[in-house]
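Throughout, residue positions are numbered sequentially from 1 according to the sequence presented.
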Amino acid sequence: MPDLQAMFTRQRKWMFFLLSFYVLGWGFTAYQPIFLGLIFGTSLSFFNLWLMVRKTEQFSVNVLKGKKVRSLGSFSRMATGALAVIVALRYPEQFHLISVVIGLMTSYIVIMIDFFIHSLKIHK
């Protein structure tokens, strides 16, 4: 699993970079609900990424030990997304709904970009 940890480390750096960019946007622009929605959605997306990595590690350990394999926590990640949308709908003056949804998708976009960048470096 060191490869999974290396991927998570790279993706975590991207996520922190994006979060810092969003915080600067929230602090220095007039689009505070949009950037707050991006911060909220991306934070929950980062939590989902961490949860997915943790569950994948547990999954692989259980498979190697021959134990019964449980799910990868899809329900937890969906519940986190539902919670984010509920909060955004409850407080529309603080959180822009579309920004929250885009923020929730951020980890998947980061995973794809990291995969393409890393695969290009390996093939050179």
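- Checked by atom type and distance alone, the side chain of S45 pairs as donor or acceptor with a backbone atom of S107 at under 3.5 Å.
- Side-chain atoms of S20 come within 3.5 Å of backbone atoms of F17 as a donor-acceptor pair (strictly under, hydrogens ignored).
- Taking CZ from R54 and CG from L4, the interatomic distance works out to 13.0 Å, rounded to the nearest 0.5 Å.
- Taking NZ of K13 as the start and CG of L18 as the end, the distance is 14.5 Å to the nearest 0.5 Å.
- You'll find the side chain of M15 stays beyond 4.5 Å of the side chain of S43, heavy atoms only.
- Note that the CG atom of L104 and the CZ atom of F47 stand 12.5 Å from one another [nearest 0.5 Å].
- Note that the CG atom of L44 and the CG atom of L51 stand 11.5 Å from one another [nearest 0.5 Å].
- In this structure, F46 and F16 have side chains that are in contact, with non-hydrogen atoms separated by less than 4.5 Å.
- Of the inter-residue distances, the one linking K55 atom NZ with N62 atom CG reads 10.0 Å to the nearest 0.5 angstrom.
- Of the residues listed (F28, F40, Y22), the one engaging F35 in a side-chain contact (heavy atoms from CB on, under 4.5 Å) is Y22, and it is the only one.
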Which donor-acceptor pairs under 3.5 Å do the side chains of residues 80-103 make with protein atoms, sequence neighbours left out?
unit_1, atom_1, unit_2, atom_2, d
T80, OG1, N48, OD1, 3.4
T80, OG1, S76, O, 2.9
H96, ND1, S99, N, 3.3
H96, ND1, S99, OG, 3.0
S99, OG, I34, O, 3.3

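- Within the 4.5 Å cutoff, no side-chain heavy atoms of L19 are placed close to those of W14.
- Scored by the salt bridge (charged side-chain N to carboxylate O under 4.0 Å, His left out) test, R10 finds D114 as partners (sequence neighbours excluded).
- In the hydrophobic clustering of ILVMFWY residues, with side-chain heavy atoms under 4.5 Å counting as a link, F21 and L24 come out apart.
- Under the 4.5 Å side-chain criterion, counting only non-hydrogen atoms from C-beta, L49 is not in contact with R77.
- From H118, atom NE2 reaches atom CE of M7 across 8.5 Å, with rounding to the nearest 0.5 Å.
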Full working for side chain to side chain contact (heavy atoms under 4.5 Å, CB included) between W50 and F8: CA-CA 8 Å; W50 172 78; F8 179 62; 3.9 Å; yes

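- Linking ILVMFWY residues whenever their side-chain heavy atoms come closer than 4.5 Å, directly or via other members, leaves V61 and V63 in distinct clusters.
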